[in-house]
Amino acid sequence: MKIETDWHIHSHNSCDAASMKMPEIIEACRKMGIVKFGVTDHFNTRINMPDIIASRKEYLENRIDGFHFGIEVSCVSKWEIEQIGKGLYQDAVYGIREGGPAWCELAIDITAEQLETLGVEYVIGGTHWPLYVEWKTKALIMDYHRQNMFLANHPLITIVAHPWWFHAKYWGKYVDKYQPWFEDFRVIPSSMHDEFADAVVKNNKIVEINLHAILLHPAYPEKFKMQYIEYLAFLKSKGTRFAIGSDSHQPYNLDFEKAGQMIEKAGIKQQDLWSVD
Ligand SMILES: [Zn+2]
Ligand SMILES: [Zn+2]
């Protein structure tokens, strides 16, 4: 499959290590034959609002046909939003990742009105870190599944980002290498995949096929990637639609051809892919 869309790209306005200016994004897409694409900078909590305002401004100055404006929100907790609302943790640009109550109420920290004011055309929602549960495989699986389900059921989310992505920086620090599910993806009960696919289809959500952070992740084991392709094939068999997202933070250095072949292996075709109308 030839990849011609990319709905997950970060600009230098993003709170993390992203470096591209909007004209660089446009140029990178043109070079790689990406004809429809969108910028989606991180919004973990309201602390990141100035980043998104800057991103929107720069987008409007560089807007061309086929280039769209989105946002990547994190699943966070009500507790976290309350803490930030009280004026605590004002330097938590990456969210408050520790100290809250496990299994607490989940949330995203943006409203429909704010999205409209910002001109956001679509919202990617991602599970980015565990919410205060034990760093044990079973608890992490339950927590990530709970977050993915929350996003699949949330009215403001368009695309569920990178299901089961897990930051490799946690390996060796909080969990063993290839834990919690990279040694064998089957450690996740298939009933969870069923439940997720049902919610996605019922709520008309889109599932992201993430290139840099999953399919082409340099540290993820090949076996995991093969199993992930089977997982995508399973989601497709349930009627899921997908969006391609490179998750690029730097100018493209991705093997789009290889990614296209992997997506084909999952039986996913152009007509299964989502695009901004
Ligand atoms: Zn993400
Ligand atoms: Zn991202």
Side-chain angles (χ1 to χ4, degrees), residues 3 5-22 24-25 28-29 34 37-45 47-48 51-52 54-56 59 67-77 80 92-95 97 106-110 120-131 140 143-152 154 156-170 181-182 196 200 205-220 228 232 242-254 259 274 276:
I3 295 177
T5 54
D6 184 353
W7 300 112
H8 189 160
I9 306 173
H10 293 279
S11 82
H12 68 112
N13 299 296
S14 209
C15 62
D16 52 7
S19 67
M20 280 189 284
K21 301 214 159 124
M22 302 281 174
E24 287 177 271
I25 291 176
C29 287
I34 305 291
F37 53 100
V39 63
T40 51
D41 285 324
H42 282 290
F43 183 93
N44 297 317
T45 68
I47 291 173
N48 306 112
D51 308 343
I52 305 301
S55 185
R56 176 67 185 175
Y59 166 78
F67 185 25
H68 295 270
F69 187 74
I71 188 174
E72 180 177 18
V73 303
S74 289
C75 182
V76 294
S77 72
E80 175 171 358
V93 288
Y94 300 111
R97 302 198 177 193
L106 304 176
I108 60 172
D109 196 15
I110 199 158
V120 173
E121 296 173 78
Y122 63 99
V123 180
I124 300 184
T127 300
H128 284 126
W129 58 87
L131 290 167
L140 291 168
D143 182 61
Y144 271 54
H145 176 59
R146 196 168 77 98
Q147 293 192 48
N148 287 337
M149 285 301 295
F150 172 79
L151 295 167
H154 199 291
L156 297 182
I157 300 296
T158 321
I159 300 168
V160 180
H162 47 61
W164 302 105
W165 170 76
F166 184 82
H167 210 315
K169 79 172 182 189
Y170 296 143
W181 46 78
F182 294 87
F196 178 68
V200 160
K205 303 296 184 199
I206 309 299
V207 172
E208 180 184 71
I209 300 175
N210 189 299
L211 308 188
H212 182 70
I214 294 192
L215 291 191
L216 302 173
H217 195 303
Y220 283 8
Y228 199 84
L232 293 176
F242 302 91
I244 309 262
S246 71
D247 213 346
S248 287
H249 287 70
Q250 275 78 40
Y252 282 145
N253 59 352
L254 292 175
W274 173 89
V276 171

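Order of appearance sets the numbers: ligands from 1, and atoms from 1 within every ligand. The basis for the numbers below is simple: all heavy atoms, side chains too, and nothing from hydrogens, waters or symmetry mates. Just so it is clear, the model here is predicted, and its values are computed rather than measured.
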Over 60° means perpendicular and under 30° means parallel, so classify the ring planes of [Y] and [X], tilted if in between.
X: His8; Y: His162; value: tilted
X: Trp7; Y: Tyr122; value: perpendicular
X: His42; Y: His128; value: perpendicular

> Any sub-3.5 Å donor-acceptor pair from Glu72's side-chain atoms to Ile124's backbone N or O?
Replying inline: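 A pair under 3.5 Å: no.
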
>> Applying salt bridge (Lys or Arg N to Asp or Glu O under 4.0 Å), can you list everything that pairs with Asp109, at least two apart in sequence or on another chain?
In response: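 Asp109: salt bridge (Lys or Arg N to Asp or Glu O under 4.0 Å) contacts with Arg46.
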
>> Looking at His212, I'd like to know if its NE2 atom is crowded, meaning that more than 12 non-hydrogen atoms belonging to other residues, nucleotides or ligands lie closer than 6.0 Å.
In response: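 Incorrect, the count does not exceed 12.
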
> Taking only protein atoms, how many N, O or S atoms are found under 2.8 Å from the Zn ion (ligand 2)?
Replying inline: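 If we list every protein N, O or S atom nearer than 2.8 Å to the Zn ion (ligand 2), we get 4.
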
